[in-house]
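Worksheet: one structure, shown below.
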Amino acid sequence: MAAPEFEVIVIGSGFGGLCAGVRLKQAGIDNFVILEKDKDFGGTWWVNTYPGCAVDIPSHLYSFSFAPNARWTRRFAGQDELLAYTRSVVRDFGLAPHLRLGTAFEGAQFDEEGGYWLVRTSAGEMSTRSVISAPGALSRASIPALPGLADFAGPAFHSSRWDHAVDLRGKRVAVIGNGASAIQFIAHIAPQVAQLDVYQRTPQWIMPRPERMIGPRERSLLARAAPLRLAYRALNYLLYESRAPLFLYTPRLLALPQWVARRHLARQVADPLLRRQLTPDYKMGCKRVLMANDFYPALMRPNVRLITDSISQVSANGIATTGGAERAADVIIFATGFEVERVLNAVDVRGRAGKRMFADSLEAYKGCTVAGFPNYFTIVGPNTGLGHSSMIYMIEAGVNYAVDAIQIIRARKLLSVEVKEEVQRAWNERMQRKLRGGVWSSGCKNWYLDGKGRNYAIWPGFTFAYRWATRRFDIGNYVLRT
């Protein structure tokens with residue numbers, strides 16, 4: 001029987017896929033490819049180009065530990081700098097020959113006899129001993145099925161696929177949603193448009209954004225003094241890590257940050273009615289906590305209106321609400337988030353005996369391996385998401401675990417490794433016990449919970465606990481086949 005074409009196929013070229021590529025090369029594994037469905041690499045930071053697009057975690061923390069960057073010009077880097085950073089990682093670690101751009105992952109089937117995966121792509125079928133899946137949680141845009149949307153005569157697009165060919169100057173623009181991307185781009189487009197209607201379903205907890213520029217002298221010092229750069233990164237890490245207990249263990253302490261957020265709102269919004277409309281009635285942290293200094297002032301502009309009535313109908317030239325009003329619109333911009341749950345099971349991946357991945361439940365062992373799916377590793381899988389710190393830390397931990405497993409497969413000449421079903425079950429029962437009582441289940445609607453109200457997304461604890469759990473591949477919890 002012929003050997004598989006590749007030792008590893010990596011799915012996705014965002015931070016997860018690039019991290020996997022770097023770690024594979026550092027492990028001496030060179031026979032791999034990175035599949036990317038888009039025409040260029042960079043994941044989130046290539047796809048999202050909306051005005052004001054930026055990270056909400058400090059730049060020095062939102063970067064790989066093995067690729068420090070002293071050139072950040074802002075504490076919270078913008079999309080252009082983040083994309084440039086991914087360019088530098090590909091260049092510095094020699095990943096370009098491994099990239100397969102414009103090649104969409106369409107499914108996979110495990111060959112039980114040969115112990116390898118047959119991977120279907122838009123460029124044809126490939127075979128590989130192992131798969132590292134890192135498609136990114138925020139890769140499938142969610143657009144609500146509004147009545148009459150197909151009849152709308154003007155441009156309509158999601159913020160993650162910003163249509164730069166549409167000139168918004170002097171237009172009547174309807175923004176549907178007020179989440180993380182909306183609060184960034186609304187402030188940028190408000191001065192350009194004739195009318196801006198913001199359709200809000202649920203108000204958000206918004207904290208002041210401690211933004212600042214990083215000047216040339218500071219950048220030069222951080223570049224020359226590695227200990228100082230490490231200390232600065234560590235300080236940011238500790239600052240953000242300290243928020244974890246507020247969400248999980250001591251939600252009552254959220255009273256202080258909620259007070260800060262309310263004061264921020266009161267200082268920036270004078271109108272008492274608008275303030276009431278913008279004040280959440282759920283615990284902070286139940287939905288993603290946002291940061292912005294210019295969103296509330298944008299809503300105070302005379303050409304901007306916050307609409308809290310539900311949308312009942314879209315017509316060719318406007319939007320009607322359940323309150324009976326109809327507002328004219330030339331352009332609709334959806335800021336309605338992503339189908340995070342569907343990302344995990346959107347593609348047909350078949351393991352042993354034709355079992356489909358995540359068909360019944362979104363569960364994995366350490367967010368990385370799934371019973372019935374040998375040699376298949378998910379990065380940022382179930383219960384590895386965060387509400388308090390940098391996902392790059394979690395990505396590195398998951399990738400290190402997967403690459404350690406692949407090295408063991410190679411060194412021991414194994415056909416496959418597969419997590420034991422009872423091990424996976426015990427792990428997930430433990431996750432759910434730890435999540436019980438956390439702020440994410442306190443009553444609001446969020447994407448962390450599946451249709452049954454089970455939290456499939458959040459890591460219930462400190463990020464260093466996940467790093468410890470994935471510090472080595474625990475081969476005793478796996479079925480080995482030679």
Side-chain angles (χ1 to χ4, degrees), residues 50-52 56 142-144 146-147 158-159 168 171-209 254-314 318-329 331-337 387 439-440 442-447:
Y50 59 81
D56 57 5
S142 174
I143 297 180
L146 299 175
H158 193 274
S159 62
L168 298 179
K171 298 290 197 310
R172 296 167 298 184
V173 178
V175 174
I176 299 176
N178 65 325
S181 60
I183 69 166
Q184 290 185 342
F185 73 73
I186 282 172
H188 285 260
I189 68 172
Q192 306 173 25
V193 303
Q195 169 189 309
L196 180 59
D197 294 335
V198 180
Y199 290 84
Q200 171 187 279
R201 183 178 63 182
T202 309
Q204 307 285 345
W205 284 107
I206 301 178
M207 299 287 282
R209 186 179 181 88
L254 287 167
L256 177 59
Q258 286 183 176
W259 175 81
V260 172
R262 288 195 184 99
R263 187 182 65 167
H264 181 53
L265 171 60
R267 285 179 170 179
Q268 293 196 321
V269 177
D271 182 353
L273 174 60
L274 185 56
R275 265 205 315 272
R276 281 198 300 273
Q277 292 174 321
L278 291 167
T279 301
D281 61 359
Y282 55 88
K283 284 184 180 179
M284 177 180 280
C286 185
K287 298 168 75 72
R288 182 177 175 182
V289 180
L290 308 180
M291 295 188 301
N293 298 328
D294 50 9
F295 173 64
Y296 289 147
L299 295 182
M300 299 294 290
R301 294 178 60 89
N303 66 325
V304 179
R305 182 172 177 182
L306 182 71
I307 299 172
T308 57
D309 290 335
S310 300
I311 295 173
S312 60
Q313 183 78 26
V314 179
I319 296 176
T321 65
T322 53
E326 183 167 358
R327 302 275 293 176
V331 181
I332 295 176
I333 303 174
F334 290 96
T336 41
V439 71
W440 306 284
S442 59
C444 77
K445 183 176 181 181
N446 58 49
W447 61 264

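Numbering starts at 1 and runs along the sequence shown. The shown structure was predicted, so the numbers you read here are calculated from the model rather than taken from an experiment.
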Is the number of heavy atoms from other residues, nucleotides or ligands under 6.0 Å of R301 CZ greater than 12? yes
At what distance, to the nearest 0.5 angstrom, does CD1 of I307 lie from CD of Q200? 11.0 Å
Identify the heavy atoms of A182 and G177 that sit nearest to each other, and give their distance. CB-O, 3.6 Å
Output the distance between atom CD1 (I176) and atom CG (L146), rounded to the nearest 0.5 Å. 5.0 Å
Rounded to the nearest 0.5 Å, what's the gap from CD1 on I311 to CZ on R201? Could you check? 10.5 Å
Look at the side chain of D56 and the backbone N and O of M291, then say whether any donor-acceptor pair between them is shorter than 3.5 Å. no
Could you tell me whether the side chain of M300 reaches within less than 4.5 Å of the side chain of L274, counting heavy atoms only? yes
Between atom CZ of F295 and atom CG of L278, what is the distance when rounded to the nearest 0.5 Å? 6.5 Å
Look at the side chain of N293 and the backbone N and O of R209, then say whether any donor-acceptor pair between them is shorter than 3.5 Å. yes
Could you tell me whether the side chain of S142 and the main chain of G337 form a donor-acceptor pair under 3.5 Å? no
Is there a donor-acceptor pair under 3.5 Å between the side chain of Q195 and the backbone N or O of R327? no
If we ignore hydrogens and angles and just use 3.5 Å, is the side chain of N303 paired with the main-chain N or O of L196 as donor and acceptor? no
Answer whether the closest heavy-atom distance between the side chains of K287 and T202 falls below 4.5 Å. yes
For K171 versus V193, what's the shortest heavy-atom pair and its separation? O-CB, 3.4 Å
Separation of L299 CG from R305 CZ (nearest 0.5 Å): 13.0 Å
Determine whether a donor-acceptor pair (N or O, by modelled atom type, separation under 3.5 Å) exists between the side chain of D309 and the backbone of T322. no
For Q204 and Y296, which heavy atoms make the closest approach, and how far apart are they? O-OH, 4.1 Å
Any idea which heavy atoms bring A266 and R275 closest together, and the distance? CA-CD, 3.6 Å
Among I332, I319, V175, N178, which residue satisfies the side-chain contact (heavy atoms from CB on, under 4.5 Å) criterion with Y199? I319
Can you name the one residue among S181, P144, S159 that meets side-chain contact (heavy atoms from CB on, under 4.5 Å) with T336? P144
How far apart are the closest heavy atoms of A190 and V304, and which atoms are they? CB-CG2, 4.0 Å
Could you tell me the separation between the CG atom of L265 and the CZ atom of R276, rounded to the nearest 0.5 Å? 11.5 Å
With a 4.5 Å cut-off on side-chain heavy atoms, are T279 and P203 touching? no
Determine all donor-acceptor pairs shorter than 3.5 Å in which one atom belongs to a side chain in residues 254-264; sequence neighbours excluded.
unit_1: Q258; atom_1: OE1; unit_2: M284; atom_2: N; d: 2.9
unit_1: H264; atom_1: NE2; unit_2: A292; atom_2: O; d: 2.8

Provide the closest heavy-atom pair for Q184 versus Y50 in the form atom of the first, atom of the second, distance. OE1-OH, 2.6 Å
